[in-house]
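Letters A, B, ... mirror the listed sequences (proteins, then strands); counts begin at 1. Keep in mind that what you see is a predicted model, and the values were worked out from it rather than measured.
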Amino acid sequence: MTDLLFARSLMAMSLAFHIIFAVIGIGMPLLMVIAEAKWMRNRDPALLDLARRWAKGTAILFAVGAASGTVLSFELGLLWPEFMRFAGGIIGMPFSLEGFAFFTEAIFLGLYLYGWNRLKPAAHLACGIVVALSGIASAAFVIAANAWMNAPVGFTLENGIITDVDPIAAMLSPATFPQVLHMTIAAYLATGAGVAAVHAWFLRDEPANAFHRHAFNIAIGIVIVAAPLQIASGDLIAKMTAKLQPAKFAAMEAHYHTGSRAPLIIGGIPDDDAMAVRWGIEIPLVLSFLAGGSVDTEVQGLDAFPRDEWPNTRIVHLAFDLMVACGMALLALAGWAAIRLIRRRPLTGSRALLNACVIAGPLGFIAIEAGWFVTEVGRQPWIIQGIMRTEEAVTPMPGLVVPFVGFALMYLLLSVVLVLALRSQFLETSPAKQVDA
Amino acid sequence: MSVETILALVILASLIFYAVSGGADFGGGVWDLLAFGPRAERQRQAISDAIGPIWEANHVWLILVIVVVFTAFPAAFAIIMTALYVPLMLVLFGIVLRASAFVFRKYASADAATYRKWSAVFGASSLLTPFLLGLSLGALASGEIRVVDGLLTTGFLAGWTGAFAIGCGIFAQALFAFLAATYMTVETEGDDALQSDFRIRALASGLSLAPIALAVFLLARTGATAIFDALTGAWAPPLLIATSIAAIGALWSLATGRYRVARIAAIAQVTFIIAGWGLGQYPWLIVPDVTFADAAGPPRTLRMLVWALAIGALLLFPSFAYLFRVFRPGAGGRPDRTDA
């Protein structure tokens with residue numbers, strides 16, 4: 001492996017690790033605030049217990065998320081100094097604003113976690129709400145910076161010299177809104193599904209446990225709302241990608257030949273040399289319709305781009321399909337739960353639904369990881385779409401295998417410990433039968 | 001004042017805030033590592049209670065420094081991150097391990113052995129990270145990192161491997177340990193035995209600062225001439241006098257049991273030290289080839305950044321004030337250990 005590949009792998013690993021905690025840091029505050037608000041209304045002690053336990057879980061995950069996020073802010077420079085030299089002045093703005101959002105989040109999380117006995121109930125809840133809002137804000141700022149890499153605007157480039165830098169315009173690139181929307185909903189959906197799975201697991205054996213019932217209902221409620229919205233925002237971001245990053249779009253869809261009435265290819269193995277997909281399922285006309293709203297929309301295929309500007313089609317296409325599959329499965333789960341609600345059946349009454357929820361627990365996170373592979377691998381060979389190639393941005397430092405292996409071992413260790421830590425928080429000391437209503 | 005200078009001051013101020021808050025949290029970890037005697041466990045618990053609600057927020061100052069440097073001075077950021085690749089990569093390990101160990105120890109220690117294991121990780125990473133941060137700042141002042149036409153020419157080892165930088169790293173460790181022990185004397189009000197433990201630690205580490213500072217000063221004569229010139233220049237006497245008064249005031253207050261005064265004096269001392277370093281470093285971001293003006297990004301970005309920082313500060317300082325007020329020592333019992 002080359003140093004460039006190690007740099008990319010280290011960045012990918014750092015992002016893949018961090019995104020899990022970032023997502024939970026956005027999603028969990030909403031859950032705990034809902035539990036606390038419900039407790040303030042009806043004073044059911046199980047709800048207070050729930051808010052506190054969720055808060056503890058959030059404390060662990062937030063700490064790891066904050067630290068792994070710090071890693072990323074350094075790695076931008078440590079691994080991609082030439083990218084930062086070029087882009088720092090253009091996209092530093094959202095990162096600086098993110099700093100303040102993160103400050104707010106950390107300050108009010110401290111108040112929330114340690115302030116149960118020191119703050120008035122309304123003030124405590126308000127702190128939780130501030131955490132939830134600043135979490136969204138900090139994610140939005142970081143994603144705005146990523147969106148700029150996909151759709152760079154807000155500057156003029158003449159003979160390699162940057163002029164007319166407008167940091168606000170750069171922050172509001174055409175990719176910003178769809179990306180922020182898609183990722184924010186993803187955070188709620190993944191957290192909701194993950195939490196629902198944990199509590200569904202217990203409800204299978206203790207269907208009357210008030211603690212787990214409350215928890216499950218709140219979490220699945222978020223899934224019911226978020227899943228359909230996520231499909232809609234996915235459509236928005238796909239159309240944006242088709243317009244702004246046609247090569248990425250073509251790779252996502254494994255679409256080799258430019259033309260209208262293009263078919264949608266699901267699955268299969270893209271073969272770049274044959275410019276065809278083996279063993280894929282082909283649905284006529286659908287790709288043109290999805291890309292532009294009409295079967296006559298011309299969709300650019302990879303043949304419209306020089307071969308050295310193709311992303312890795314196998315990774316991008318399969319990751320994209322994996323993401324969509326997870327999203328659709330969660331949509332189906334949300335639909336199932338919604339139908340039970342409409343028919344006024346208790347959500348926790350169906351063992352089949354609970355089993356499905358347990359299985360669906362990781363799907364949101366898998367979709368997020370896959371989605372970032374699509375975004376990042378799909379932009380290659382560019383680090384800034386059409387402007388700077390990734391190989392031009394990398395550090396001259398040799399031996400990048402060393403930090404790569406070091407971080408891999410550390411992240412592996414932390415993951416194992418985290419799972420054990422959360423297990424002891426939620427499983428072994430779980431409020432067992434004594435909370436039965 | 002030019003906009004670059006304003007931003008240089010923001011960076012300096014953020015470093016001071018980081019040192020007196022986040023730095024002290026690292027210092028707390030050091031005393032956790034060095035806890036001994038019959039009250040070792042109670043010392044650890046008191047440190048953990050004191051930093052628990054605030055350390056996450058304090059840590060963000062470092063992130064603010066990083067993002068302001070890369071937004072306002074991107075050319076320097078690229079060079080710094082290349083020249084100091086090795087120590088900064090190690091800093092990252094320290095940051096991740098410290099944060100994880102702190103929460104794992106608190107929430108996931110099923111037995112005493114596991115607790116001790118994570119305590120050791122927490123303490124060791126709290127000791128090493130400030131060393132590496134001090135080392136990196138020392139390297140920027142050393143004059144050994146050379147840049148020609150915007151490109152680094154001295155490779156990956158220059159600066160941070162020198163004696164001056166290593167001295168700065170040790171100085172940072174001692175300074176943070178001193179701050180933490182001084183703060184802990186206030187945090188442990190009402191518990192005389194524990195307070196006396198931290199008082200002795202504060203006095204010992206405070207006294208150790210004098211020879212370390214002297215050594216760094218002497219090393220600067222050849223190892224960081226810009227800093228040395230500043231420390232012997234025209235405005236050096238008032239600064240040295242102010243620092244000395246603060247340092248002696250802190251030690252005297254500790255010795256006579258005036259802990260709240262000692263805390264203020266210690267904060268003043270650290271502020272003067274970092275401000276003095278900043279004055280020596282200015283106008284260079286990387287001595288002697290890159291000034292703040294050389295490395296400045298697009299002018300419009302710099303202006304907007306100043307506005308963003310000003311508005312952010314309006315949000316930030318009241319929030320911090322609220323945080324520290326709610327958790328100030330004596331504000332209605334200990335933070336709730338069982339629930340936090």
Interface residue of largest heavy-atom contact number with chain B, from [options], under 4.5 Å:
options: A/F108, A/Y112, A/F155, A/F95; value: A/F95
options: A/I107, A/V165, A/I90; value: A/I107
options: A/T163, A/L119, A/D166; value: A/D166
options: A/E105, A/M410, A/E82, A/R85; value: A/R85
options: A/A87, A/G69, A/P396, A/P398; value: A/P396
options: A/A170, A/C127, A/A106, A/A55; value: A/A106

Under 3.5 Å: donor-acceptor pair, side chain of [X], backbone of [Y]:
X: A/S68; Y: A/G65; result: yes
X: B/T153; Y: B/R146; result: yes
X: A/Y411; Y: A/H18; result: no
X: B/T129; Y: B/S125; result: yes
X: B/D32; Y: B/G29; result: no
X: B/R105; Y: B/Y115; result: no

Region of [X] that comes under 4.5 Å of a non-hydrogen atom in chain A:
X: B/L88; result: both
X: B/A313; result: backbone
X: B/F77; result: side chain
X: B/L305; result: both
X: B/A72; result: neither
X: B/V69; result: neither
X: B/Y85; result: both
X: B/I63; result: side chain

Locate the shortest heavy-atom distance separating A/F102 from A/A66; write the atom from each residue and the value.
-> CZ-CB, 3.4 Å
Over all heavy atoms of both residues, which pair between A/A169 and A/V153 is shortest? Give the atoms and the distance, please.
-> O-CG2, 3.5 Å
Residue among [options] with most heavy-atom pairs under 4.5 Å to chain A:
options: B/W55, B/F93, B/F320; result: B/F93
options: B/L323, B/L315, B/L309; result: B/L323
options: B/M81, B/H59, B/M89, B/M304; result: B/M81
options: B/A295, B/S100, B/G52, B/G150; result: B/G52

Under 4.5 Å from any heavy atom of chain B, what part of [X] do you find: side chain, backbone, both or neither?
X: A/A393; value: neither
X: A/F407; value: both
X: A/L97; value: side chain
X: A/L10; value: side chain
X: A/T104; value: side chain
X: A/T70; value: both

Ignoring hydrogens and angles, state whether a donor on the side chain of B/S126 or B/R98 is under 3.5 Å from an acceptor on the partner side chain.
->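 Side chains of B/S126 and B/R98: no pair found under 3.5 Å.
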Which distance, rounded to the nearest 0.5 Å, do you find between the [atom1] of [X] and the [atom2] of [Y]?
X: A/E158; Y: A/D164; atom1: CD; atom2: CG; result: 8.0 Å
X: A/M149; Y: A/S173; atom1: CE; atom2: OG; result: 11.5 Å
X: A/L72; Y: A/L15; atom1: CG; atom2: CG; result: 5.0 Å

Centre of A/F211's six-membered ring, under 6.0 Å away, within 45 degrees of the axis: is that where NZ or CZ of A/R53 sits?
->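 Relative to the ring axis of A/F211, which defines the angle, A/R53 lies inside both limits.
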Got more than 12 heavy atoms from elsewhere within 6.0 Å of CD1, A/I161?
-> no
